[in-house]
Amino acid sequence: MATELNQSYDPKNVESKWYKAWEDNGCFEGEVVEGKDPFTIMIPPPNVTGMLHMGHVLDNTLQDIFIRRARIEGKSALWHPGTDHASIATQVKVEQALKKEGTHRRDIGREKFLERAWKWSDDHGGIILNQLRTLGASCDWRRTTFTMDPDYVRSVQEAFVKLYDRGFIYRGKRLVNWCPVSQTALSNEEVIMKPQNGKMYKMRYELVDEPGRFLEISTTRPETIMGDSAVAVHPEDERYKDLVGKKIWRPFPKAEIPIVADRAVELDFGTGVLKVTPAHDQADFDIGKRHNLPVIDIMNPDGTLNELAGEEFAGVERFKARKMAVKKLEELGLLVEIEDYENNVGYSERGDVPIEPRLSEQWYLKYPKVEEAKRAVENGTIKFHPKRWEKVYLHWLNNIQDWCISRQLWWGQRIPVWYKKGEDRKDPANIHVSVDGPSDPENWEQDDDVLDTWASSYLWPFATFGWPNTDEKTKRELDYFFPTSMLVTGFDIIFFWVARMIMASLELMGEDKETLTDEEIEKRVPFKDIFIHGLIRDPKGRKMSKSLGNSPDPLDLIEKFGADGLRFGIVNIAPSGADILFAEERLEIGRNFCNKLWNACRFRQMNGTTDGNRSQELILDRLSNAQIDGYGNWILYRLLETLKDVEVQFEKFEMHQLTHSLYNFFWGDFCDWYVEAAKAMLLSKDDPRHDGALAVSDLVIRESLLLLHPVMPHITEELWQSMGYCEEGQFLQNSTLIKSADLNAALAAKGVTVDVAAALRIEQVKELITQARAVKAEYNVASKRDVTLFVTPTDESCAASLEDNLDTIKRLAGAAVIELRDNVENAPGSVSALGTVYLDLASAVDVDAERERLGKELQKLEKVIAAGNGKLKNETFISKAPPQVVEGARKQLAETQAKYDEIKRLLASFG
RNA sequence: GGGGGAUUAGCUCAGUUGGUUAGAGCGCUACCUUGACAUGGUAGAGGUCCCGAGUUCGAAUCUCGGAUCUCCUACCA
């Protein structure tokens with residue numbers, strides 16, 4: 001069904017057409033197939049209300065590349081899609097909508113609020129999934145999972161109950177990171193440290209027993225003075241030793257507080273005196289615990305102060321209270337000085353305000369299987385790519401702290417805990433933990449809180465299959481697809497998600513065991529390879545954000561460059577593991593490459609029927625040594641090399657190298673050299689090697705399309721079909737990608753031997769052609785195609801090589817005549833391994849220009865020769881370097897010397 | 001404070017275990033609309049491989065020190 005191709009590639013209709021065909025024909029469906037190896041990737045679920053951004057494009061393109069590659073490697077590939085309910089992010093958005101309507105979630109109540117949240121999620125959910133379709137993502141959409149799906153919620157609650165029963169989940173009262181905007185606790189990971197230009201206030205507190213004697217204290221938070229319950233100094237601080245145990249005046253509300261000694265105080269920081277506010281600072285909280293100090297909580301959940309702060313402060317917002325407190329210190333004559341001070345302040349990721357350390361009762365998870373999680377990475381069961389992220393992961397695990405998993409939010413999986421109405425919640429007898437709740441619900445009330453989003457997505461690799469259900473389907477699929485093959489994600493969520501998934505899987509994917517053996521670890525890990533890519537930044541290195549306006553809409557980019565162009569472009573510029581500086585122009589290479597691919601196929605179609613392309617077998621049948629010229633042999637050799645390179649790149653997870661290899665091969669080798677060299681044969685049906693050249697082209701294009709398909713699925717499918725590489729109704733993915741070694745064997749079986757030595761000969765011919773072009777360009781006759789060239793061959797075999805390729809050389813160098821001669825005088829020339837090529841200038845040569853050019857070349861070679869000579873005269877080099885290196889150096893020197901002599905002779909010929 | 005990473009052409013980056021004259025894309029210059037492609041072709045200019053020391057026959061590559069940038073992490077108020 002070869003069809004006419006347009007002059008330039010237009011992705012618009014092609015991409016949507018094939019995506020629909022793939023979906024309609026179940027191309028993305030991942031099923032248990034006995035006898036086939038599984039290949040599984042779980043999508044990092046985007047926020048349900050999110051929009052596709054460049055980070056998604058990179059992340060999902062990479063996943064699609066691996067999935068599509070697995071398909072044409074004959075594996076049963078499953079890419080499981082879904083979305084995350086993003087508890088706090090979504091709730092913030094819904095609350096903003098409510099605010100616009102002049103209402104608040106507390107006004108409408110939990111039930112109404114959840115209705116709104118569901119509507120929000122239904123309205124916006126799925127948008128991003130459709131955007132992924134536009135990108136060409138080959139997910140098994142039938143399996144799309146949402147973390148708020150009833151089944152998934154149940155999985156989350158089952159996990160909670162199991163972990164509670166096993167003693168990993170507990171309730172505790174301690175300082176948490178409190179977001180005054182969302183009014184919920186946050187995990188440490190959700191707090192972002194930002195450097196702040198603030199003030200350091202130095203003030204003085206008066207000693208109770210010695211009126212008139214003051215201690216100077218520095219603080220950045222004078223608004224918490226009212227919560228001070230002590231002043232602390234270092235136990236070995238000579239300055240204050242006599243004061244420990246004495247009392248000091250807290251200025252307001254005026255009260256006597258003790259001076260304590262604690263090692264947490266830094267001797268040489270500030271004045272060495274620290275005000276201790278246990279309710280509002282983690283370090284102070286710890287000191288307070290050690291000295292049994294009262295905890296005075298002066299703040300309301302919304303960040304305003306309460307009556308404990310004193311009448312005048314009650315109800316005042318914290319930053320306003322800071323100003324008031326400073327003013328008051330000043331009035332009391334207690335303010336010593338204010339200086340500029342830069343420090344790090346923790347911000348709420350979603351609320352974007354400073355978090356407030358706040359004492360509250362929360363649910364915590366003591367991480368299970370921490371040791372096993374480390375071991376899994378240390379013993380190579382799980383591999384990070386690039387490897388250096390292992391350190392980051394292990395460092396976090398080595399310093400791990402219990403995870404606050406409860407959130408004072410409504411949108412999320414509700415914590416499956418009930419308390420007996422009116423009874424003491426501390427008494428275990430009054431706590432009920434189960435998925436289905438107590439049998440007498442009227443006597444109980446459920447915990448108000450929901451779980452941290454990540455405390456649901458950490459089950460993603462197995463809850464998506466229906467865990468902990470034990471039905472036949474779930475069991476069969478988990479047996480087959482789990483552990484999944486790989487995880488593709490950015491380094492920013494190694495702690496949030498990756499590490500937690502690993503621990504959850506180790507704990508839950510098997511029976512309850514205290515410790516695990518290496519064998520058990522291997523069966524329980526959620527994935528084997530973790531591919532960590534960089535973050536996309538703008539050309540100035542800044543993070544992409546809506547407020548900066550530096551975040552392009554991927555759909556616009558698809559409009560401009562095509563999904564395939566975008567995919568190729570983004571992978572091409574993504575170095576392994578490092579951040580990516582994104583600039584739109586850098587995508588042009590992808591679009592241009594699509595066009596090149598398109599035109600190469602178009603040219604092929606212009607030169608003959610593609611009827612014999614139906615299978616690789618048929619194409620191989622059309623090949624024979626007799627029909628393959630040197631260039632044909634060379635391009636087949638390069639094809640085998642490229643297949644091999646790509647195999648290695650997939651093993652090493654080097655995707656930008658992959659695009660470089662494919663680009664260089666198809667454009668640089670096939671289009672620029674093979675097609676150009678073979679044009680004479682291709683264009684003339686009478687040429688005895690016409691059919692052979694077509695067959696070589698067909699094989700190279702076919703394998704190239706297979707190699708490129710994972711990166712550029714749409715255009716390769718279109719060309720696959722139009723070049724007649726498959727039967728009607730079949731798809732590219734129904735074919736199998738052959739391994740380099742197997743193709744070599746298959747060629748040999750057909751009597752086609754790919755000769756390495758001959759391929760190297762062609763490299764020399766290419767070099768000579770390039771030299772000829774250079775000389776022509778130097779004499780401004782580059783565009784003339786009727787010049788005469790002389791060549792003095794280096795030796796007999798070179799002369800034979802030249803004879804064999806004379807027509808090609810003529811064609812590619814643009815010469816009407818090429819004469820092989822023993823000696824040439826007074827003509828500008830250029831030296832190559834095969835021989836020296838001269839431009840015959842009937843008219844006078846610009847002698848000076850030619851001298852200058854050759855002189856320059858000579859200088860370059862002199863350096864190389866000097867270096868080579870030095871090396872070879874060096875006894876230790878001869879004795880210590882490997883023989884082949886020495887031999888190589890000798891050969892190189894000889895060649896360079898010959899070239900040098902030849903140029904010298906040339907130079908001399910100009911008098 | 002601790003730990004990564006980076007530093008190679010004007011820009012963005014490759015450079016696989018140390019071994020021919022350090023590469024690519026973009027940009028730039030010149031020439032070319034030659035029967036796939038101007039989203040193209042050909043040729044070219046452009047580099048003290050951040051600095052210093054060391055190991056080695058040999059270092060962009062390994063070791064140590066330094067500089068600059070960057071990210072993560074941390075309870076110096």
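The chains referred to below are lettered A, B, ... by the order of the sequence lines, with proteins before strands, and numbering in each begins at 1. What you see is a predicted model; the values in this text were computed from it and never measured.
B:C76 and B:G4 have their C1' atoms separated by 23 Å, with the value rounded to a whole Å. Annotation: B:G65 and B:G3 have their P atoms spaced 11 Å apart (nearest Å). Between B:U7 and B:U12, the two P atoms lie 12 Å apart (nearest whole Å). B:A24 sits 23 Å from B:G5 when the C1' atoms are compared, rounded to a whole Å. Of the P atoms belonging to B:U61 and B:G15, the separation is 14 Å, rounded to the nearest Å. The gap from the P atom of B:U29 to that of B:A45 amounts to 16 Å, rounded to the nearest Å. Here the separation of B:A38 from B:A14, taken at their P atoms, is 32 Å to the nearest Å. To the nearest whole angstrom, the two C1' atoms, one in B:A53 and one in B:A67, are 15 Å apart.
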Please tabulate, one pair per line, each protein N/O and nucleotide N/O from nucleotides 9-11 of chain B that are separated by under 3.5 Å, including the distance.
none

Pick out the pairs of N or O atoms, protein on one side and nucleotides 73-77 of chain B on the other, that lie under 3.5 Å.
unit_1, atom_1, unit_2, atom_2, d
B:A74, N6, A:Asn344, ND2, 2.7
B:A77, OP2, A:Tyr341, OH, 2.7
B:A77, O2', A:Ser218, O, 3.3
B:A77, N6, A:Glu266, O, 3.1
B:A77, N6, A:Phe269, O, 2.8
B:A77, N1, A:Glu266, N, 3.2

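You'll find the ring centres of A:Trp598 and A:Tyr9 inside the 6.0 Å limit.
Judged by distance alone, with hydrogens and angles left aside, A:Gln771 brings no side-chain donor or acceptor close enough to the base of B:A43 to form a pair under 3.5 Å.
Applying the side-chain hydrogen bond (donor to acceptor under 3.5 Å, both in side chains) rule to A:Lys202 yields the partners A:Glu337; only residues at least two apart in sequence or on another chain are considered. Here A:Pro882 pairs with A:Gln884, A:Val885 under the side-chain contact (heavy atoms from CB on, under 4.5 Å) rule; sequence neighbours left out. Considering only residues two or more places apart in sequence or on other chains, A:Lys652 meets the side-chain contact (heavy atoms from CB on, under 4.5 Å) condition with A:Val648, A:Glu654. The side-chain contact (heavy atoms from CB on, under 4.5 Å) search around A:Lys387 returns A:Glu390, not counting sequence neighbours.
For A:Asn595, the side-chain atoms get nearest to B:U39 when compared with the rest of B:U39, B:A36, B:G15. Nearest nucleotide to the A:Thr770 side chain, out of B:U42, B:A43, B:A36: B:A43. Taking every side-chain heavy atom of A:Leu581 into account, B:U12 is the closest of B:A36, B:U12, B:C57. The side chain of A:Lys652 lies closest to B:U16 when the candidates are B:C71, B:U39, B:U16. Checked against B:G41, B:G19, B:A36, the side chain of A:Asp672 finds its nearest nucleotide in B:G41.
Using a 4.5 Å heavy-atom threshold, the side chains of A:Met712 and A:Arg567 count as separate. A 4.5 Å side-chain heavy-atom check between A:Glu349 and A:Glu189 finds every atom pair outside the cut-off.
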Output side-chain donor-acceptor pairs under 3.5 Å for residues 676-686 of chain A, partner residues at least two apart or in another chain, one line each.
unit_1, atom_1, unit_2, atom_2, d
A:Glu676, OE1, A:Lys679, NZ, 3.3
A:Glu676, OE2, A:Lys679, NZ, 3.3
A:Ser684, OG, A:Asp686, N, 3.3
A:Ser684, OG, A:Asp687, N, 3.2

In a table with atom names and distances, give each donor-acceptor pair under 3.5 Å that connects a side chain of residues 581-589 of chain A to protein atoms at least two apart or in another chain.
unit_1, atom_1, unit_2, atom_2, d
A:Glu584, OE2, A:Lys560, NZ, 2.7
A:Arg586, NH1, A:Leu581, O, 2.9

Only distances under 3.5 Å count here; give the side-chain donor-acceptor pairs of residues 865-876 of chain A to other protein atoms, sequence neighbours excluded, each with its distance to 0.1 Å.
unit_1, atom_1, unit_2, atom_2, d
A:Asn874, OD1, A:Thr876, N, 3.0
A:Asn874, OD1, A:Thr876, OG1, 2.4

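Contact between the side-chain N/O atoms of A:Arg785 and the OP1/OP2 oxygens of B:U34 is not found at any separation under 4.0 Å. Between A:Gln7 and B:U39 there is no side-chain polar atom (N or O) within less than 4.0 angstrom of OP1 or OP2.
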Letter per nucleotide, 5' to 3', of nucleotides 59-64 of chain B [B base touched, S only sugar-phosphate touched, - untouched; heavy atoms, 4.0 Å]: ------
Per-nucleotide protein contact string for nucleotides 20-31 of chain B, where B marks a base within reach and S marks sugar-phosphate only (heavy atoms under 4.0 Å, - for neither): BS---S------
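Under the 3.5 Å distance criterion, with hydrogens and angles disregarded, a donor-acceptor pair is assigned to the side chains of A:His291 and A:Asp262.
Within a 6.0 Å radius of CD in A:Gln196, other residues, nucleotides and ligands contribute more than 12 heavy atoms.
Regarding A:Glu676, its CD atom lies at a distance of 10 Å from the C1' atom of B:G40, rounded to whole Å. Remark: C1' of B:C37 and CZ of A:Arg604 are 17 Å apart, rounded to the nearest angstrom.
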Derivation of the side chain to side chain donor-acceptor pair (under 3.5 Å) call for A:Asp564 and A:His714: CA-CA 7 Å; A:Asp564 290 335; A:His714 310 92; 2.8 Å; yes
Audit row: A:Glu767, A:Thr770, side chain to side chain donor-acceptor pair (under 3.5 Å) steps and yes/no: CA-CA 5 Å; A:Glu767 187 203 354; A:Thr770 302; over 6 Å; no
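Each of A:Phe670, A:Tyr663, A:Phe665 was scored for a ring-ring contact (aromatic ring centres under 6.0 Å, His included) with A:Trp667, with one residue passing: A:Tyr663.
In this pair, A:Phe491 and A:Trp389 present their aromatic rings parallel. The plane angle is below 30°, not in the 30 to 60° band.
Paired regions of RNA chain B, where each region holds three or more successive Watson-Crick or G-U pairs whose two hydrogen-bonding distances fall under 3.5 Å, are B:1-7 with B:67-73, B:10-13 with B:23-26, B:28-32 with B:40-44, B:50-54 with B:62-66.
One N or O on the side chain of A:Glu15 and one on the backbone of A:Ala563 form a donor-acceptor pair closer than 3.5 Å.
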